[in-house]
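These numbers come from a predicted model, not from an experiment. Chain letters run A, B, ... following the sequence lines, proteins first and then strands; every chain starts at 1. We use all heavy atoms of the structure for the numbers below, so side chains are in, but hydrogens, waters and symmetry mates are not.
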2 protein chains.
Amino acid sequence: MSVNRKTKSFKLIMDVFNENKNAISAIYLVDQFSNKMNKTTVYRILDRLENDGILHSFIDKQGLKRYAKDSDDNSITHPHFLCQDCGISTCVKVNITLPDISEYNIKSSEHLLIGTCKDCLSN
Amino acid sequence: MSVNRKTKSFKLIMDVFNENKNAISAIYLVDQFSNKMNKTTVYRILDRLENDGILHSFIDKQGLKRYAKDSDDNSITHPHFLCQDCGISTCVKVNITLPDISEYNIKSSEHLLIGTCKDCLSN
DNA sequence: ACTACAAATGCAACTGAATTGCAATAAGGG
DNA sequence: CCCTTATTGCAATTCAGTTGCATTTGTAGT
């Protein structure tokens with residue numbers, strides 16, 4: 001019973017995340033591969049990859065859905081950094097200590113840090 | 001030179017945030033006031049209130065823009081809690097200690113905690 | 001290698017939040 | 001009360017993302 005067929009489209013998208021540790025927006029990939037595959041395909045592959053636990057997603061400040069590859073040293077709650085200047089979004093490998101709030105039962109969390117990255121600072 | 005006219009629409013929306021400390025989605029207000037004002041008006045009033053520093057906004061897990069009133073004891077970086085069950089979103093009055101990441105210059109941050117609120121836990 | 005069947009894709013139409021342009025309305029200072 | 005201009009309504013538009021359905025394509029089993 002195959003759950004994930006290694007199609008051309010699948011491989012193309014997987015390659016991007018293997019070569020790039022940044023959080024990439026769905027719409028960017030749609031654009032990037034507009035001549036290789038349909039946009040619906042991009043969204044569905046990303047969906048599958050997330051359901052399989054290979055990618056994780058979050059919604060950035062502009063409301064765009066971004067995906068990044070899960071790696072072993074990514075803890076459950078790790079923040080994402082979004083550079084205002086170049087738009088590059090990276091997973092920050094730092095644990096955020098969640099405040100202990102007795103009134104709530106917290107199951108997951110999203111942390112988005114917005115600012116300027118090293119590259120843009122030096123330009 | 002008046003910058004903020006006290007229109008009926010403005011007052012209606014302001015009242016909501018004065019009576020409710022929760023983070024309310026723009027679309028909820030559009031819906032709520034659909035017979036009192038145009039949806040464009042709702043969006044524009046929210047925009048103005050944010051620019052004037054009276055409200056602040058963030059984008060929730062569903063990609064909806066939510067607004068909440070700024071209060072004095074809201075520090076710059078305070079998290080928002082979103083209840084998966086009832087959908088109510090509240091500003092959590094706890095400081096999140098930002099990790100010190102030397103590679104980035106962090107200007108602002110968004111923290112979204114997702115789980116179940118006290119009311120929903122007891123039901 | 002062939003077949004059959006489920007998974008994956010393409011296409012076109014659709015959804016739903018948010019935005020824009022422009023004409024009409026109304027707040028409030030003088 | 002008048003005049004300026006901030007604010008609003010309306011309709012059309014944008015844009016990311018989704019859905020239904022017919023077609024194609026992997027791949028497991030023979």
Query raised in the report: In terms of side-chain heavy atoms of B/Ser9, which of D/dG17, C/dT9, D/dT8 is nearest?
Result: D/dT8
Query raised in the report: Between atom CZ in B/Arg66 and atom C1' in C/dA18, what is the gap in whole Å?
Result: 16 Å
Query raised in the report: With a cut-off of 6.0 Å (strictly less than), are more than 12 heavy atoms of other residues, nucleotides or ligands near OH of B/Tyr28?
Result: no
Query raised in the report: Nearest to the side chain of A/Arg5 - C/dT19, C/dA8, D/dA16?
Result: C/dA8
Requested in this report: Kindly compute the distance separating OG (B/Ser89) from NZ (B/Lys21), expressed to the nearest 0.5 Å.
Outcome: 14.5 Å
Query raised in the report: To the side chain of B/Tyr43, which of D/dG9, C/dA17, D/dG20 is closest?
Result: C/dA17
Query raised in the report: How long is the line joining CZ of B/Arg44 and P of D/dA6, in whole Å?
Result: 13 Å
Query raised in the report: Rounded to whole angstrom units, what separation is found between the CG atom of B/Asn4 and the P atom of D/dT8?
Result: 10 Å
Query - Those residues of residues 26-38 of chain B lying under 4.0 Å from DNA chain C by at least one heavy atom - result: B/Ala26, B/Ile27
Query raised in the report: Distance from A/Ile59 atom CD1 to A/Glu110 atom CD, nearest 0.5 Å?
Result: 8.0 Å
Requested in this report: State the NZ-CG distance between B/Lys36 and B/Leu29, to the nearest 0.5 angstrom.
Outcome: 13.5 Å
Requested in this report: Please name all residues satisfying side-chain hydrogen bond (donor to acceptor under 3.5 Å, both in side chains) with B/Asn20, sequence neighbours left out, ordered by chain then number.
Outcome: B/Asn22
Requested in this report: Would you mind reading off the distance between B/Lys6 atom NZ and D/dT5 atom P, rounded to a whole angstrom?
Outcome: 20 Å
Requested in this report: Quick one: closest heavy-atom pair of B/Ile114 and B/Gln84, and the distance?
Outcome: CG2-CG, 3.4 Å
Report task. Mind calculating the distance between CG (B/Leu46) and C1' (D/dT7) to the nearest angstrom? Result -> 14 Å
Query raised in the report: Between A/Lys8 and B/Lys65, which has a closest nucleotide on DNA chain C that is more 5'?
Result: A/Lys8
Query raised in the report: Base, sugar-phosphate alone, or nothing: which one does A/Thr40 contact when heavy atoms must sit under 4.0 Å apart?
Result: base
Query raised in the report: What is the distance from NZ of A/Lys11 to C1' of C/dT9, rounded to the nearest Å?
Result: 15 Å
Requested in this report: For A/Asp47 and D/dT18, give me the distance from atom CG to atom P, rounded to whole Å.
Outcome: 6 Å
Query raised in the report: Is there a donor-acceptor pair closer than 3.5 Å between any side-chain N or O of B/Ser25 and the backbone N or O of B/Arg66?
Result: no
Query raised in the report: Contact class for B/Lys39 (heavy atom, under 4.0 Å): base, sugar-phosphate, or nothing?
Result: base
Query raised in the report: Quick one: A/Ile45 CD1 to D/dG17 P, roughly how many Å, whole number?
Result: 15 Å
Report summary line: Ranking C/dG21, C/dT9, D/dG17 by distance to the side chain of A/Arg48, first place goes to C/dT9
